[in-house]
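Reading through the structure tokens given below for one structure.
Numbers restart at 1 for each chain; the letters A, B, ... are given by sequence-line order, proteins then strands.
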Amino acid sequence: MSSASEASVDGELGWNRGVSASSRTKGRRRLFFCPKETAAMAKTERKPSHGDEKLYALRHSTAHVMAGAVLELMPDAKFGFGPPVADGFYYDFDLPRPLQPEDLGKIEAKMREVVKANHAFEHRDMSVKEALDFFRARNQTYKVDQIEKLAADGTSKDSDDRVEGGKVSLYQHNGFVDLCRGPHVARTGDIKAFKLLSIAGAYWRGNERNPQLQRIYGTVWPSQAELDAYLEKLKEIERRDHRALGKDLELFRIDDELGSGLVLWLPNLSIVREELETWWRKVHHERGYTLVYTPHIAHEKIYQRSGHLEKYGENMYGPLALDEGTQNFWIKPMNCPGHIKVFQSKVHSYRELPMRIGELGTVYRYERGGTLHGMLRVRGFTQDDSHIFCSWDQAQAEIGGVFDLAMEFLRVFGYSDPKIYLSTRPVKRLGTDELWDKAEKALADALGVREVPYDIDEGGGVFYAPKIDIKVMDAIGREWQGPTIQIDLNLPERFDVTFVNAQGQRERAVMIHRVLFGSLERFVGGLIEHYAGNFPLWLNWEQATVIPIRDSAFDYGRSVADRLGSRGFRVKLDQQGDMRARIKAAQERKSSYMLIVGDKEAAAGTVSVRRRGSRDEERGVTLDAFLERVSEERDSKALPADFVGHREPSAGDAMA
RNA sequence: GCCGACGUAGCUCAGCCGGUAGAGCAGCGGUUUCGUAAACCGCCGGUCGGCAGUUCGAGUCUGCCCGUCGGCUCCA
């Protein structure tokens, strides 16, 4: 007999049947991305729209069914938390042995039995003492821990559970009892289309000093069609994975011997980066930025003064002991100290402000091994960093200017639905509360003036400043971290950054830190996925491929390629294999245009145009007409014709 | 860093109960010149992630490192 029946207490507890999903009161909801997406994306998910209570109940109920199945298969299992998350659910277990991939199938089979048996979900309240006795008797130490915490605090940030009137809420089905506020579906038979996806480690209460539990992720949908659509979306995410595309398209490489977390930009992606940097410099010159270069290592005294060694030291590489070990240098983790020194190279009048100092500055930060992820999480990266030095009176307008520039950037790349977050003071920080009050208010005011709606990310600021984060949706509805703006009152004080005001007195400058791309590595890694490798013409490493049909057209093909090259296009003349092989290869390299030329084209001075993503050809296009067309496309930085932007809400939101 | 899985040619992978490494693609050399997604023939290419151990013998078994993947924690 399984222990599920040992846990069964129907008789003595008096369960209430038929608690409907709609009885669930509003509460905090913990939302995460599906496992595949997490590392690539922002930590917080946008809140789902109203009206998805049923989906919430379905996911929550399936988590219970899974936990019940695990308990039947492994009677010694102990349970942690098992909440619904975006697109599915998970449950954490403390198990006597590690789970194997084959276990998922067994657990799923057991779940299907329970679904088929159509057990009722039943609810009851229990006094704290009763509940503690109940879970102690079953050796469910994590539940005991949670109830004790709830009894002490009333609520818990780790779950929706709470103590009300001295009681906690429990649910049971098929003898599996869990601490839970509900709601649930009425019966297990209401669970239709589900699948267990993966196994992972997770710390109890998310704290790495706590024991590590085994987490099973699963997904569940009201219908098989919706489950299929979701699984298809996961496949699409896999197809777009920048690490796979990075290999296929020869974009970047991370070499073990060179060092993990360090990116080699291969020639193709280097072209993308060069185009981005060229445009970035142009835009910044137009906006009154001064572009500079600063060193990659610095004496430790500057990092003592900036507070980096104290608050950020565990992420820094060093020390490098120079001059017989009498002088310590560290590799720079941020560009701000260098830019402060640039500003302080002379005395500035208020007339010169705001002074906007920018740099494509390469920094190195130690990241723990398990956190590295392709180009999205690396140890060396280049930020498109700028520090704006201005007076307090100018700060708000400057923040607004940066904000507008950020929006322009996002539009160019086809990102949509920007969402704004205001991240406030973290626990580990410099400076007084008054300074933080002032800085946080300045950011909030700047957003207020623009009437931009935003959410607060409590404690999400950097050690020296609060920040505005802009998060955006990519082509398949995933959220990414975008530009960041920070207003810093700490470093100007530590470095005594001043200017001479209209009264001839020294006045403390305000420092605004901002990035638009963030890091080039992460931004471009994200772009690869956003575009699925199909880059817009202006960024593409192979803008056109000239494909002669046979030898007789080689000379004409060369003249076409030369003509395009002389207009600044990146063109490949392919003479390998036969024509069909050349077409296939060009398509695989994601060349923007194929220009197929044979004897007819040579005679007429035309090209046959085939656009990436299409099997149609357009014959008899004169070279001039083609040049005019692609010049316009390139210079306007148009999104490619095969780009399909994000239009609908994400799958999870659509379920409302 | 932690939990689990995995590391064989540039890439994708095969290699049984331990007997001394194999395919396709790519590359190179030929042949072929063909009207819209893979022409044909040949050749080159591997300290099987690294270091120890067990064994007559290790790609296969064991241990420790390194790395990658899925998460956790952290983050641009």
Between [M] and [N], how far apart are the [atom1] atoms? Round to whole Å, please.
N: B/U47; M: B/G59; atom1: C1'; answer: 12 Å
N: B/G10; M: B/C56; atom1: C1'; answer: 37 Å
N: B/U54; M: B/U62; atom1: C1'; answer: 7 Å

For [N], give the paired nucleotide (Watson-Crick: N1-N3 plus N6-O4 or O6-N4; G-U: N1-O2 and O6-N3; both under 3.5 Å), or none.
N: B/U68; value: B/A5
N: B/U12; value: B/A23
N: B/U47; value: none
N: B/A37; value: none

Whole angstrom value for the distance that separates [atom2] of [N] from [atom1] of [X]:
X: A/I216; N: B/C72; atom1: CD1; atom2: P; answer: 15 Å
X: A/K600; N: B/U36; atom1: NZ; atom2: P; answer: 10 Å
X: A/Q576; N: B/U33; atom1: CD; atom2: P; answer: 17 Å
X: A/Q486; N: B/C75; atom1: CD; atom2: P; answer: 13 Å
X: A/I583; N: B/C34; atom1: CD1; atom2: P; answer: 15 Å
X: A/D457; N: B/C74; atom1: CG; atom2: C1'; answer: 14 Å
X: A/L266; N: B/C11; atom1: CG; atom2: P; answer: 12 Å

**OP:** For B/C17, decide between syn and anti, treating a glycosidic angle within 90° of 0 as syn.
**Re:**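 That one's syn.
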When you measure from the side chain of [X], which nucleotide among [options] comes out closest?
X: A/S260; options: B/G1, B/G67, B/A76; value: B/G67
X: A/Y217; options: B/G35, B/A76, B/C72; value: B/C72
X: A/S608; options: B/C11, B/A76, B/G35; value: B/G35
X: A/F381; options: B/U33, B/A37, B/A76; value: B/A76
X: A/R582; options: B/U36, B/A76, B/U33; value: B/U33
X: A/R253; options: B/G10, B/A76, B/C34; value: B/G10
X: A/E601; options: B/G70, B/G35, B/C72; value: B/G35
X: A/Y203; options: B/A76, B/U33, B/C2; value: B/C2
X: A/E208; options: B/A39, B/U36, B/U73; value: B/U73
X: A/R243; options: B/U33, B/U36, B/G70; value: B/G70

Original post:
Could you go step by step and tell me if A/D158 and A/W204 meet the side-chain hydrogen bond (donor to acceptor under 3.5 Å, both in side chains) rule?
Top reply: CA-CA 10 Å; A/D158 302 308; A/W204 170 237; over 6 Å; no
Original post:
Between A/G461 and A/P426, what is the shortest heavy-atom contact and its length?
Top reply: O-CG, 3.5 Å
State whether the distance check finds a donor on one side and an acceptor on the other, under 3.5 Å, for side chain [X] versus base [N].
X: A/Q212; N: B/C2; value: yes
X: A/R368; N: B/U73; value: yes
X: A/R615; N: B/U36; value: no
X: A/E250; N: B/A26; value: no
X: A/Y366; N: B/G1; value: no

Subject >> Parallel, tilted or perpendicular, as decided by the 30° and 60° cut-offs, for the rings of A/F523 and A/F517 >> reply: tilted
Subject >> A/H373 vs B/G70: side-chain N/O to OP1/OP2 distance below 4.0 Å >> reply: yes
**OP:** Among A/D94, A/L95, A/D92, A/D103, find the residue that satisfies the side-chain contact (heavy atoms from CB on, under 4.5 Å) test when tested with A/Q214.
**Re:**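 That would be A/L95; it is the only one of A/D94, A/L95, A/D92, A/D103 passing the side-chain contact (heavy atoms from CB on, under 4.5 Å) with A/Q214.
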Subject >> Within 45° cone of A/F463 ring axis and under 6.0 Å: A/R429 NZ or CZ >> reply: no
Original post:
Is a salt bridge present between A/R514 and A/D385, judged by a nitrogen-to-oxygen distance below 4.0 Å?
Top reply: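 Judged by the 4.0 Å cut-off on N to carboxylate O distance, A/R514 and A/D385 do not form a salt bridge.
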Let me check something: any side-chain donor-acceptor pairs from residues 254-264 of chain A under 3.5 Å, sequence neighbours excluded? List them with distances.
| unit_1 | atom_1 | unit_2 | atom_2 | d |
| --- | --- | --- | --- | --- |
| A/D255 | OD1 | A/E257 | N | 2.8 |
| A/D255 | OD1 | A/L258 | N | 3.0 |
| A/S260 | OG | A/R379 | NH1 | 3.4 |

Original post:
If you look at every strand shown and take non-hydrogen atoms under 4.0 Å, does A/R619 touch a base, only sugar-phosphate, or nothing?
Top reply: base
